[in-house]
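Read through the structure below, which is laid out as structure tokens, and then see the notes.
Order of the sequence lines fixes the chain letters, A, B, ..., with proteins taken first and strands second; residue numbering starts at 1 for each chain. Every heavy atom of this structure was used, including side-chain atoms; hydrogens, water molecules and symmetry mates were not. Note that this is a predicted model, so its numbers are computed, not measured.
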Protein chains: 2
Amino acid sequence: MKIATELFLIKEGVFSHSAEFLIVMNEVNEAIKCVSWNEKDKFCINPVQKGNGVVPIKNNFIKYLKDKGWKTETRMTLALGMNPGPIDAIKETSFGIFAVEWETGNISSSHRALNKIGVGILQKEIIGGLLILPTKKFSKFLTDRVGNYEEISPYFILYQSINIIDGVIGVIAVEYDDLDKEAPLIPKGKDGNAKKGMLLF
Amino acid sequence: MKIATELFLIKEGVFSHSAEFLIVMNEVNEAIKCVSWNEKDKFCINPVQKGNGVVPIKNNFIKYLKDKGWKTETRMTLALGMNPGPIDAIKETSFGIFAVEWETGNISSSHRALNKIGVGILQKEIIGGLLILPTKKFSKFLTDRVGNYEEISPYFILYQSINIIDGVIGVIAVEYDDLDKEAPLIPKGKDGNAKKGMLLF
DNA sequence: TATGGATCCATA
DNA sequence: TATGGATCCATA
């Protein structure tokens with residue numbers, strides 16, 4: 001898979017200028033590159049509107065980071081009063097924990113994911129975090145209403161207005177490498193209103 | 001329906017000290033009081049876990065505010081790059097527009113609702129906003145995973161950390177007045193429970 | 001019980 | 001096409 005955009009909403013303090021930060025970003029970049037579908041090293045999607053599910057997409061990404069020593073699916077609490085919830089991948093740096101969320105849920109979940117990273121930094125539970133989500137162009141071929149970069153971007157100003165002097169919040173938009181009408185559709189689960197769709201048969 | 005908690009995350013500037021602000025809050029309080037189910041002036045819910053739908057709940061609330069001169073379901077843009085989306089109710093004050101969202105969607109939607117109010121104030125599109133949502137105790141009897149006050153509250157610090165010197169962000173937790181095992185379940189979706197039964201075949 | 005997610009809906 | 005839902009799922 002390829003990276004369409006990479007933007008830092010906040011990039012302040014010693015960690016953001018460290019070699020460790022560069023390594024973190026490099027590992028994330030490589031992990032994204034190895035996300036594939038229907039071909040060995042490329043993500044080729046069948047361009048059916050709302051036709052592809054999202055569950056298996058991030059598998060290779062997670063596996064790559066795990067091999068690099070990241071902890072995956074760790075349950076942690078990023079704010080007082082919050083019960084622990086799973087985070088896709090975290091890396092322990094000497095400046096603190098860095099968290100990465102590959103978001104394939106509803107667009108509103110992307111708001112929660114960014115909020116969580118913001119709160120985690122404010123509370124000093126993490127030193128930074130990244131949200132990875134599809135471009136709008138990519139998301140059109142996925143489950144309806146999954147998060148996409150263009151739709152969340154008008155809210156970036158909110159995070160840029162938070163008083164954080166030591167931390168990193170980044171957003172990465174990812175996209176398929178190629179279209180392929182012969183590629184199998186990514187299977188869908190039966191969550192949410194999926195059953196209603198099944199009524200058509 | 002009754003108010004369980006009322007909290008202001010931000011309450012700064014001239015509007016927050018004005019008589020108009022008091023009127024706005026008073027109208028919202030009265031509007032909440034007239035939300036009922038199964039009795040004329042009380043909200044009596046059948047205490048079945050995840051048993052009640054949410055769609056009709058806010059009807060009386062919206063109607064009350066409409067009668068008081070508020071505009072309802074107005075589509076507005078609260079940030080650059082955002083397409084207009086409907087807002088439950090807005091009141092035009094001499095300090096700017098005040099927006100109210102009665103949130104009955106997924107908890108992650110509550111994050112978006114607060115984010116939207118925050119961005120709207122930062123961009124000077126509105127002077128303030130309120131998020132109204134059920135207490136956890138109430139939400140247990142509603143559709144699974146609807147927003148609830150307790151679950152969003154750990155994120156409040158995020159909004160309190162934004163640099164806003166003129167604006168209001170408030171959150172109100174609402175709750176049923178009484179339990180009533182004879183009360184009809186609030187229908188889900190358009191066809192209520194009938195559709196759910198049909199799915200079994 | 002609690003959290004994060006995945007899926008399709010209603011409507012302008 | 002775009003936005004804000006409404007609903008049920010998977011798993012610790």
Run the side-chain donor-acceptor check on residues 155-171 of chain B: report pairs under 3.5 Å with partners two or more places apart or on a different chain.
| unit_1 | atom_1 | unit_2 | atom_2 | d |
| --- | --- | --- | --- | --- |
| B:Y159 | OH | A:N115 | OD1 | 3.1 |
| B:Y159 | OH | B:N115 | ND2 | 2.5 |
| B:S161 | OG | B:I157 | O | 2.7 |

Mind listing the side-chain donor-acceptor pairs of residues 68-86 of chain A below 3.5 Å, one per line with the distance, residues two or more places apart or on another chain?
| unit_1 | atom_1 | unit_2 | atom_2 | d |
| --- | --- | --- | --- | --- |
| A:W70 | NE1 | A:E27 | OE1 | 2.7 |
| A:K71 | NZ | A:E92 | OE2 | 3.0 |
| A:R75 | NH2 | A:P84 | O | 3.4 |

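Rounded to whole Å, atom P of C:dC9 lies 16 Å from atom NZ of B:K188. Going from atom CG of A:N52 over to atom P of C:dT7 covers 10 Å, rounded to whole Å. For the pair B:D88 CG and D:dT3 C1', the interatomic distance rounds to 13 Å; values are reported in whole Å.
Shown for residues 124-157 of chain A: residues whose heavy atoms fall under 4.0 angstrom of DNA chain C, namely A:T143, A:D144, A:R145. Remark: B:R75 in residues 70-87 of chain B come within less than 4.0 Å of DNA chain C through at least one heavy atom. Proximity of residues 97-123 of chain A to DNA chain C (heavy atom under 4.0 angstrom from any strand atom) is restricted to A:E101, A:E103, A:T104, A:G105, A:N106, A:R112, A:K116.
The side-chain contact (heavy atoms from CB on, under 4.5 Å) search around B:D178 returns B:K42, B:C44, not counting sequence neighbours. Considering only residues two or more places apart in sequence or on other chains, A:F138 meets the ring-ring contact (aromatic ring centres under 6.0 Å, His included) condition with A:F43, A:Y176. With sequence neighbours excluded, no residue satisfies side-chain hydrogen bond (donor to acceptor under 3.5 Å, both in side chains) with A:S16.
Contact record, B:D88 with B:V100: CB-O, 3.2 Å, taken as the closest heavy-atom pair.
Under the ring-ring contact (aromatic ring centres under 6.0 Å, His included) criterion, the residue pairs touching residues 49-69 of chain A are A:F61-A:W102, with sequence neighbours excluded. Screening residues 115-127 of chain B for salt bridge (charged side-chain N to carboxylate O under 4.0 Å, His left out), with sequence neighbours left out, gives no hits. Residues in residues 127-142 of chain B take part in these side-chain hydrogen bond (donor to acceptor under 3.5 Å, both in side chains) pairs, two or more places apart or across chains: B:T135-B:E175, B:K137-B:E175. Identified under the salt bridge (charged side-chain N to carboxylate O under 4.0 Å, His left out) test for residues 97-106 of chain A, with sequence neighbours left out: none.
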